[in-house]
**Q** 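One structure is given below, represented as structure tokens, and several questions about it will come after.
To find a chain, count down the sequence lines: A is the first, B the second, and so on, and within it residues start at 1.
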Amino acid sequence: MQTFRFLLSRLAKGILVVLAIVVFDFVLIHLAPGDPAAVMAGESGATDEAFVQQLRTKFGLDQPILTQLGLYLWGVVRLDLGFSYRQQMPVIDLVMDRLPATLLLTGAAFLFSLTVGVAAGAWAAAHKGKPLDRLITTIALVFYATPLFWMALMAVLVFSVWLGWLPAFGLREVGGEANFWERVLDVARHLVLPAVTLGLFFTAVYVRMTRASMIEVGRQDFVKTLRAKGLSERVIQRRHVLRNAVLPVVTLAGVQAGQMVGGAVMTETVFAWPGIGRLMYEALLQRDYNLLLGVFVVCAAMVVVFNILTDLVYRLVDPRIEVSS
Amino acid sequence: MTGQLRRLLVPSISAFLALAALPGAALAQQPKEGGRANVVIQPEPPGLMLGILQNAPTQMVSGNIYEGLLRYDEKLNPKGQLATSWTISEDGKTYTFKLQKGVKWHDGKPFTAADVVFTADVFLRKTNPRTRASLAYVDTIIAPDDETVVFQLKQPFGPFIRMFEVGTMPIVPKHIYEGTDFLTNPANNTPIGTGPFKFAEWSKGAFIKLVKNPDYYEKGKPHLDEIYWHVIPDAAARSVAFETGKVDILPGGSVENFDVPRLAKTKNACITDKGWEFLAPQSWLWFNHRGGLTADVRFRKAVSYAIDRDFAREALWNGLGSVSTGPFAQSTAFRDEKALVKYPYDPAKAKALLKEMGYKGETVRFTPMPYGETWLRWAEAIKQNLEDVGIKVDMVNTDVAGWNKKLGDWDFDISITFLYQYGDPALGVSRAYVSSNIAHGSPFNNVGGYSNPEVDKLFADGATAFPDSARQTIYSAVQKKLSEDAVYAWLIDLKFPTITHCNVKNLITTGIGVNDGFKDAWIE
Amino acid sequence: MKGFWSRFCRHKAAVVGLIVVALVLIIALIAPLLYPVSPWKMVQRPFLPPFANPNFPLGTDTLGRNVASGLAYGARVSLLIGTVSTLVALAVGVPIGALAGYFGGWVDDLLMRFTEFFQTVPSFALAIVLVAIFQPSLVSIIIAIAIVGWPPVARLVRGEVMAQRKREYVEAAILAGQSDLTIITRQILPNVVSPIVVLASLMVASAILLESSLSFLGLGDPSVMSWGYMVGAARTVVRQAWWLSVLPGVAILISVLALNLVGEGLAEALDPRSARDAA
């Protein structure tokens with residue numbers, strides 16, 4: 001019951017945040033120079049004033065900005081994200097068309113970075129101060145400090161061009177006959193490079209956090225008690241320290257998972273992954289206001305949902321924590 | 001850049017072009033049927049309805065779906081397509097076309113002269129500003145029978161015969177569009193044409209699939225079973241896609257110029273610079289004639305002298321294309337080399353002119369065109385050229401939408417651009433120089449605001465003069481005047497090389513290039 | 001202070017980091033002395049490989065510009081972007097966090113909702129939108145990086161201030177009748193400076209990375225030579241001129257690494273508990 005009430009209040013707050021974001025982004029986007037009509041007219045290479053005006057009227061861009069905002073908000077409330085000027089399709093269709101690819105990519109990257117990050121971090125903590133620890137922390141730092149797009153380009157060069165092991169771009173092989181499992185395998189092969197490059201940065205973050213957190217927990221009194229009881233160091237580290245240390249890492253990861261959804265622009269661009277990060281970037285360049293706002297609304301909603309989920313998980317894992325506070 | 005330095009430049013790839021002459025050799029062979037062409041398309045087009053959307057990627061894909069009445073060879077001579085024959089009356093005012101028999105739309109309905117009349121008289125007049133401007137010379141369009149169309153002009157209009165290519169006048173189906181709102185017709189998402197390939201599938205952000213039109217009226221064509229257009233947003237990834245064999249065809253401009261020589265050297269790569277004769281893209285620097293330094297002809301001349309075009313051609317354009325010496329590109333009709341006042345690279349002259357006008361180091365704003373790395377590097381090189389003769393330059397960076405806006409609002413001093421010339425000065429050149437084309441809101445009209453009644457009159461007369469010898473006299477005078485005024489700093493007549501795997505045959509057969517459809521192409 | 005130094009110096013990696021940061025700083029400062037010619041000047045043939053010509057030990061780029069000169073000037077811009085954007089982020093984040101943590105209640109609620117709001121928009125996406133909207137320039141890039149950078153500062157400061165708020169010395173100051181402003185600035189903030197310093201050193205590093213990512217997408221400032229610009233511009237020629245992306249990439253890597261090491265060293269030196277451990 002308490003959980004239910006908590007959920008309700010968080011949801012209500014979340015919806016308010018999303019609406020505020022709509023207003024904020026709406027204003028921001030309309031501050032940008034140029035509008036979709038001008039961009040489309042420009043692309044056609046030859047235009048006249050009449051053509052641009054015709055487009056503006058059609059898109060409703062000739063109305064006062066407050067009216068446009070009002071109409072858009074009223075649409076969002078009814079879960080209608082409007083129409084993409086450029087692609088002539090409902091925004092919700094375009095976004096939903098691209099969302100699965102992004103969820104797949106970020107989901108895989110998230111799982112990869114969390115498992116590898118926590119494992120390596122714990123390993124490093126267990127050997128604190130020894131060469132192994134130094135090695136792991138240094139590698140993590142290097143991944144943390146390398147520009148993501150650079151790593152992505154290098155990965156493509158090595159694994160696709162030189163070794164030829166993995167496909168360099170796209171989500172799947174087009175054309176040809178394939179059964180269900182062949183298709184799954186095909187997508188999985190395409191997923192490896194983008195997911196790993198996207199995940200490496202976060203892996204580095206989790207390695208450092210887990211390590212720090214393990215060392216921190218290791219200093220606490222209850223660990224000393226366990227040692228005094230004569231439990232083996234291995235059991236203490238695995239069963240007790242790791243379990244406690246991993247909690248803050250998971251919390252942070254939950255928050256970041258939401259951010260990842262909209263933050264994969266770079267990876268999606270290098271690997272030609274048909275996700276919403278790229279959709280957002282293209283919509284921005286084309287001043288496709290409705291589409292851009294639509295992507296933002298969906299991303300914000302994802303962040304809100306992920307945050308609530310994280311809190312719930314936290315609550316389940318550690319009943320001592322009072323979620324409502 | 002000194003002459004000595006220039007000799008040190010990377011060897012140009014023109015050598016490769018000579019070695020890999022694509023079309024000639026292939027003609028002799030027997031085409032192989034079937035197979036799939038994988039092509040890069042960049043950026044992803046907003047839609048495929050060629051009658052409404054005019055941007056480059058749409059033209060490239062949809063040239064397979066739609067067709068025009070005519071095509072044009074490398075010398076821009078007309079060839080038949082949906083029209084089998086055509087005649088122009090003695091006075092140059094009546095154009096009569098005989099149409100192909102037995103042509104069907106992709107939905108099975110028959111194609112007739114009524115479709116042509118509808119397209120030219122109703123549809124394109126509403127949706128295509130460029131075609132609309134030329135159709136202003138047309139008095140009536142009628143179809144005496146199902147296989148004949150007659151265009152009656154108000155006065156002679158020399159370039160009219162160059163208007164029937166698929167990008168300018170794609171024939172659209174009357175039975176689908178008549179009486180509807182063209183821009184919102186749901187059929188725009190599933191384009192119906194008469195072309196050799198039909199639209200099959202579009203996975204947004206990934207690929208567009210076209211399949212062979214089995215009922216195509218030219219027997220035995222097309223040879224290919226399907227075409228996949230791959231959307232790959234990163235230029236480096238597009239190169240990799242070609243190298244790993246995922247795509248076979250890189251249309252002009254789809255990889256960065258720096259990568260062209262390297263790709264040309266890879267195994268099984270063939271390269272050609274053909275197929276740009278009709279569009280004839282020419283690049284230049286816009287000057288804002290409305291005030292400031294750029295309103296002074298001495299300053300414009302100084303800039304024209306200060307720019308090292310040969311360096312840019314070698315370092316940025318792989319030695320392809322040719323240095324522009326005037327407002328008419330090399331392959332555009334009525335170009336007259338002798339009429340031109342030329343501005344070769346001469347920093348000393350530039351400095352002298354600046355001194356003469358009393359230039360005191362005022363800053364000029366330079367707005368580069370955000371069309372990819374080559375254009376940005378070029379802007380940087382030009383900025384450096386100008387600073388070398390003592391001109392202070394402030395770079396103003398924007399994205400494409402911002403650039404459109406800045407130029408459309410005339411908010412710049414100098415900018416860089418390129419425009420297609422469509423074979424004829426009346427179609428593609430005059431638009432950047434006549435005062436009737438000064439209007440807010442577009443980056444592709446007379447953005448610089450050059451206004452000269454003499455030039456206006458010459459261009460107006462040139463469009464309607466008859467026959468061609470009369471046009472030549474007028475256009476020679478125009479070129480003399482424009483180059484004397486150093487209206488803009490003409491840079492390079494561009495060529496965007498098409499790179500393919502060598503087993504792709506007969507891809508480019510006309511002066512319109514990749515945009516003209518793949519009906520003759522086959523894969524060995 | 002002396003204790004702090006000796007604790008910091010015990011952390012060898014941190015000392016190395018500090019030396020590297022100092023070197024980069026020096027190169028940035030004396031760049032015009034090292035290379036009097038503008039880094040944009042085309043001085044040799046394009047794509048001259050490193051070590052081929054002793055005058056240009058690191059080679060030239062796509063237009064024949066000196067890479068070594070570019071790296072030196074790039075250090076200026078990258079450090080400038082890193083430090084200024086961090087300072088701006090601190091200037092926004094610290095007051096908001098301090099007010100929220102000190103007053104609690106509805107002030108806290110309001111300010112934290114505001115902060116959360118900024119964290120709900122994916123930060124990289126927000127940075128892209130901001131730079132595109134205000135058009136790429138040094139100022140707009142710095143502002144965009146600062147805007148996505150301040151919320152973590154605010155949250156950190158809030159937490160620290162909250163903890164300090166309950167301490168006796170604060171109660172005493174309140175009883176002594178000091179104004180809230182005085183208490184926050186004179187009493188509390190000096191006590192929470194150390195975690196802020198640590199965070200700041202990391203923020204400088206991530207700002208340099210963020211700028212390079214923006215440049216990669218074509219949203220850099222075209223009139224200043226930065227490392228991000230160099231990598232971004234080199235990405236299309238990575239196959240024929242490895243040094244053009246590797247060298248500035250390594251410059252970014254080393255600087256970010258060094259800043260992180262300094263950050264860690266600071267964290268341990270400023271953390272009294274680790275001092276006890278070490279003792």
**Q** Looking at C:Ser137, C:Gly64, C:Pro136, which one has more heavy-atom pairs under 4.5 Å with chain B than the rest?
**A**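 Ranked by contacts with chain B, first place is C:Pro136.
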**Q** Parallel, tilted or perpendicular, judged at 30° and 60°: which one describes the rings of C:Phe114 and C:Phe117?
**A**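 Geometry flag for C:Phe117 against C:Phe114: parallel rings.
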**Q** Out of B:Asn385, B:Asp388, B:Ile382, which residue meets the side chain to side chain contact (heavy atoms under 4.5 Å, CB included) rule with B:Asp308?
**A**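 When B:Asn385, B:Asp388, B:Ile382 are each tested with B:Asp308, the side chain to side chain contact (heavy atoms under 4.5 Å, CB included) holds only for B:Asn385.
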**Q** Hey, mind stepping through B:Glu256 and B:Arg238 against salt bridge (Lys or Arg N to Asp or Glu O under 4.0 Å) and telling me if it holds?
**A** CA-CA 9 Å; B:Glu256 290 295 344; B:Arg238 292 194 285 275; 5.4 Å; no
**Q** At a 4.5 Å cut-off on heavy atoms, which part of C:Tyr229 comes close to chain B: side chain, backbone, both, or neither?
**A**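 When you check distances to chain B, only side chain atoms of C:Tyr229 fall under 4.5 Å.
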**Q** Report yes if the side chains of C:Val88 and C:Ile143 come closer than 4.5 Å at any heavy-atom pair, otherwise no.
**A**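 Sidechains of C:Ile143 and C:Val88: no contact.
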**Q** Specify which of B:Glu387, B:Lys383, B:Arg377 makes the most heavy-atom pairs with chain C at under 4.5 Å.
**A**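 Winner by heavy-atom pair count: B:Arg377.
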**Q** Could you check whether the rings of B:Tyr305 and B:Tyr343 sit parallel, tilted or perpendicular, using 30° and 60° as the cut-offs?
**A**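 Correct class here is perpendicular.
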**Q** Could you tell me which portion of B:Ala235 (side chain, backbone, both or neither) has an atom closer than 4.5 angstrom to a non-hydrogen atom of chain C?
**A**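 For B:Ala235, side-chain heavy atoms alone lie under 4.5 Å from chain C.
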**Q** Is chain C contacted by the side chain of B:Leu316, its backbone, both, or neither, given a heavy-atom distance below 4.5 Å?
**A**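 The side chain, not the backbone.
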